[in-house]
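Computed from a prediction, not measured in an experiment: that's the story for all the values here.
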Amino acid sequence: MFFFYFALVSFTAPGSSVLKTKQWLFYLLLALPLLYPILLKPSEQLYSDHLGKFVLGESVLRNHFRSGDLALPSKYLDRQSRFCPTECIRIDEEVISPFPAALGYFYALILPWGGIEGVYIVTSLFVLASLFLLSILWERSLAFLSILVLSTPFLVNGYFFPDVGIAAFLFTLGSFLFLRADEKSSSILFLFAGLASAFAGWFRIEALAFPASFLFFLFWFRFRIREERKGIWFYLFGYLAGAFLLLGIQYLLYHHPMGPRFSFNQPTMFISPLRKGEIYLGLLIANPNRIGFFGYTPIFAIVLLFSGYFLFFKTNFIRNREGADTLSKRNIFVISNLAAFVLLVLSAPNDGIIDFGSRYLHLSLPGFVGMLLVFSDSVSNRFKKIPKIFGILLLIFSTYITFSYTQILSRFGRKSTKMNQVYLDQKPDLVVVQVRTHAQILGKYFFQTPSVWLVKEAWVKLFFSENDPNQFSKILFIQSKAAFPANSKPEDLFQKNSYYQVAREMLGPKFEKDFVENREDVLIFTMKRRD
């Protein structure tokens with residue numbers, strides 16, 4: 001992994017062999033998204049949010065594309081939707097997913113012919129297309145592509161979270177069309193560019209902030225140039241059409257323009273920034289379980305500080321708008337990405353403390369890399385080797401994080417597959433999970449067996465008081481061991497287990513423990529009915 005960065009430093013001498021090597025490295029980096037379906041096998045990723053997105057897509061398919069109402073196999077057991085084994089929200093008579101409906105339709109289009117593998121392979125192609133368009137914008141810069149692919153989560157998050165990958169592609173496509181057009185281009189092209197940028201919000205609602213920020217800086221810096229006004233106006237019209245169509249449909253369907261996910265995040269979105277210290281720390285640096293945005297790529301913290309200097313001093317942003325003479329449209333795109341980043345950080349919701357590098361801030365990554373190159377040029381003019389070596393060391397650290405992140409996700413995926421094998425061996429009639437993540441035991445077989453989420457003993461009592469347990473021959477329970485004392489003795493796993501005792505009480509004497517597997521984080525057992 002070190003080879004790429006040392007190669008970048010050494011590629012200064014002219015020569016055909018050097019050019020060929022650079023081309024080879026460029027195309028290798030561009031093709032890396034196609035490696036991810038092998039590194040992170042799609043069939044091993046059906047857990048947590050990934051399982052929820054699969055359930056949404058399969059539900060859209062089973063509803064013949066007429067509705068996103070979740071077709072949960074446990075619906076007849078849970079008519080009030082209190083025990084959904086995946087995240088769900090009840091609106092009117094429908095049980096819906098908090099994930100974007102557009103993502104469900106994307107899954108539903110691919111699942112019949114490609115399965116879950118097809119979903120991730122197509123997503124990897126979207127990531128590749130994003131890299132290709134961005135590389136054209138940066139004139140096939142090997143430095144830009146190397147940093148974006150190896151030292152940021154742009155590739156891994158784009159593949160691993162299809163909604164992120166598709167949103168990034170749509171925003172990149174819209175931005176690319178606008179930036180490559182000129183005053184002679186058709187108004188339809190600018191209109192479509194705005195639409196494509198806005199459609200990114202159909203997959204990640206926060207993506208709407210990026211084209212809005214881009215438009216603000218375009219109006220500030222370029223609107224005074226008569227030849228560019230048409231393009232800016234039509235880009236704005238396209239963006240507004242796509243954004244208001246999304247907000248209007250979500251209002252009609254979910255009674256809120258921001259959609260169902262907003263109800264999950266709303267409690268902390270409007271808290272004063274002074275009270276969001278823990279969220280900011282996890283989002284930007286780290287918390288006990290995850291690495292934040294700057295924790296992943298530390299050099300971006302320096303880049304953000306430099307961008308403030310670049311905007312307010314080099315472009316003379318406040319005093320006049322003459323910066324257009326020295327500021328390219330690509331640099332306006334870069335600055336707007338970083339401005340949107342700041343706004344999104346300030347309004348970070350309660351799920352802002354998320355995985356490495358943060359999906360929530362994903363669309364700002366190309367802007368950070370672009371500004372890093374501007375910063376590198378500025379530093380090179382004033383200093384010699386020490387800042388360059390320091391920057392390369394930071395990028396090597398981030399490359400190590402990229403490889404580590406991929407390995408962690410791969411190991412977790414294999415772990416979920418082993419859980420899935422327990423389900424296949426036991427063939428229960430009902431699956432009870434204490435933590436929603438453990439619904440991964442069903443994997444792609446989710447729709448074959450009803451499953452319910454019973455987190456507390458009271459929920460176990462309520463569910464089995466409303467549903468006769470004798471309708472099931474075998475029930476598989478997956479209990480979290482978080483509440484168990486460390487180094488619990490094997491006999492204590494059931495003798496001092498109130499969750500098991502309540503389950504046994506509610507099932508009655510006809511049911512007896514049939515299978516037990518004691519794992520590091522979960523206790524798996526089945527209760528089988530005697531005939």
Quiz item: What is the ring orientation for Phe306 with Tyr309, classed by angle as parallel under 30°, tilted 30 to 60°, or perpendicular over 60°?
Solution: tilted

Quiz item: Could you state the interatomic distance from OG (Ser398) to CG (Leu150), rounded to the nearest 0.5 Å?
Solution: 10.5 Å

Self-check item: Centroid-centroid distance, His256 to Tyr251, less than 6.0 Å
Solution: no

Quiz item: Quick check: does any side chain N or O of Asn497 sit under 3.5 Å from a backbone N or O of Leu493, one acting as donor and the other as acceptor?
Solution: yes

Quiz prompt | salt bridge (charged side-chain N to carboxylate O under 4.0 Å, His left out) against Asp69, all qualifying residues, sequence neighbours excluded | solution = Lys75

Quiz prompt | Near-ring test Tyr120/Tyr159, centroid separation under 6.0 angstrom | solution = yes

Quiz item: Any sub-3.5 Å donor-acceptor pair from Ser141's side-chain atoms to Phe144's backbone N or O?
Solution: yes

Quiz item: Is the gap between the ring centers of Phe199 and Trp202 under 6.0 Å?
Solution: yes

Self-check item: Point-to-point distance, once rounded to the nearest 0.5 Å, from CZ of Phe477 to CD of Gln434
Solution: 11.0 Å

Quiz prompt | Heavy atoms of other groups near Lys481 NZ, more than 12 under 6.0 Å | solution = yes

Self-check item: Sub-4.5 Å side-chain heavy-atom contact between Tyr107 and Glu58
Solution: no

Quiz prompt | Side-chain (Thr297) to main-chain (Phe294) donor-acceptor, under 3.5 angstrom | solution = no

Exercise. For Tyr47 and Phe412, run ring-ring contact (aromatic ring centres under 6.0 Å, His included): C-alpha distance rounded to whole Å, both residues' side-chain angles, the deciding distance at 0.1 Å, then the answer.
Key: CA-CA 9 Å; Tyr47 58 86; Phe412 203 89; 4.8 Å; yes

Quiz item: Yes or no on side-chain hydrogen bond (donor to acceptor under 3.5 Å, both in side chains) for Thr406 and Tyr36, after CA distance, side-chain angles and deciding distance?
Solution: CA-CA 9 Å; Thr406 303; Tyr36 267 81; 3.0 Å; yes

Quiz item: Do Tyr499 and Ser480 have side-chain N/O donor and acceptor atoms under 3.5 Å apart?
Solution: no

Practice problem: Check the side chains of Ser67 and Glu94 for a donor-acceptor pair under 3.5 angstrom, ignoring hydrogens and angles. | Solution: yes

Practice problem: Would you please indicate yes or no on a ring centroid separation below 6.0 angstrom for Phe463 and Phe83? | Solution: yes

Practice problem: Could you tell me whether Phe161 and His362 have their ring centroids closer than 6.0 angstrom? | Solution: no

Quiz item: Would you say the side chain of Ile89 lies within less than 4.5 Å of the side chain of Ile91, judging by non-hydrogen atoms?
Solution: yes

Quiz item: Between Gln45 (side chain) and Lys41 (backbone), is there a donor-acceptor pair under 3.5 Å?
Solution: yes

Self-check item: Spacing of Ile332 atom CD1 and Phe217 atom CZ [to the nearest 0.5 Å]
Solution: 9.0 Å

Practice problem: Report the residue from Trp233, Phe178, Tyr239, Phe237 that forms a ring-ring contact (aromatic ring centres under 6.0 Å, His included) with Phe190. | Solution: Phe178

Quiz item: After noting the C-alpha distance and the side-chain angles of Trp138 and Leu373, does the key distance pass the side-chain contact (heavy atoms from CB on, under 4.5 Å) rule?
Solution: CA-CA 10 Å; Trp138 264 267; Leu373 296 185; 4.0 Å; yes

Quiz item: For Tyr400, does its backbone N or O pair with a side-chain atom of Tyr405 as donor and acceptor, under 3.5 Å?
Solution: no

Quiz prompt | Donor-acceptor contact present, side-chain Ser146 to main-chain Ala143, <3.5 Å | solution = no

Quiz prompt | pair Cys84-Arg436: side-chain heavy atoms closer than 4.5 Å | solution = yes

Quiz item: Does any N or O in the side chain of Ser307 come within less than 3.5 Å of the main-chain N or O of Leu304, such that one atom is a donor and the other an acceptor?
Solution: yes

Exercise. Mind running side-chain contact (heavy atoms from CB on, under 4.5 Å) on Leu246 and Ile205 for me, showing each step along the way?
Key: CA-CA 9 Å; Leu246 169 64; Ile205 189 67; 3.8 Å; yes

Quiz prompt | Backbone of Leu346 reached by a side-chain donor or acceptor of Tyr280 within 3.5 Å | solution = yes

Quiz item: Is the closest side-chain heavy-atom distance between Pro257 and Gln250 below 4.5 Å?
Solution: no

Quiz item: Considering only heavy atoms from C-beta outward, does the side chain of Leu523 approach that of Tyr500 to under 4.5 Å?
Solution: no

Quiz item: Using 4.0 Å as the upper bound for N to carboxylate O, is an ion pair formed by Lys415 and Asp521?
Solution: yes

Quiz item: Under 6.0 Å between ring centres, would you say that holds for Phe300 and Phe368?
Solution: yes

Practice problem: Could you tell me whether the side chain of Arg330 and the main chain of Leu137 form a donor-acceptor pair under 3.5 Å? | Solution: yes

Practice problem: Could you tell me the separation between the OG atom of Ser151 and the CD1 atom of Ile396, rounded to the nearest 0.5 Å? | Solution: 8.5 Å

Self-check item: Between CD1 on residue Ile299 and CD1 on residue Ile147, distance to nearest 0.5 Å
Solution: 7.5 Å

Exercise. Please determine if Glu466 and Arg82 form a salt bridge, counting it only when a charged side-chain N lies under 4.0 Å from a carboxylate O.
Key: yes

Quiz prompt | Atom pair CG (Leu145) and OG (Ser135), whose distance is rounded to the nearest 0.5 Å | solution = 6.0 Å

Self-check item: Aromatic plane relationship, Phe203 with Phe106 - under 30° parallel, 30 to 60° tilted, over 60° perpendicular
Solution: perpendicular

Quiz item: Centres of the Phe293 and Phe341 rings: under 6.0 Å?
Solution: yes

Quiz item: Are any side-chain N or O atoms of Ser197 and backbone N or O atoms of Pro211, one a donor and one an acceptor, separated by less than 3.5 Å?
Solution: no

Quiz item: Given the rule in the side-chain contact (heavy atoms from CB on, under 4.5 Å) test, do Phe210 and Ser364 qualify, once you have shown the distances and angles that lead to the verdict?
Solution: CA-CA 8 Å; Phe210 288 90; Ser364 66; 3.8 Å; yes

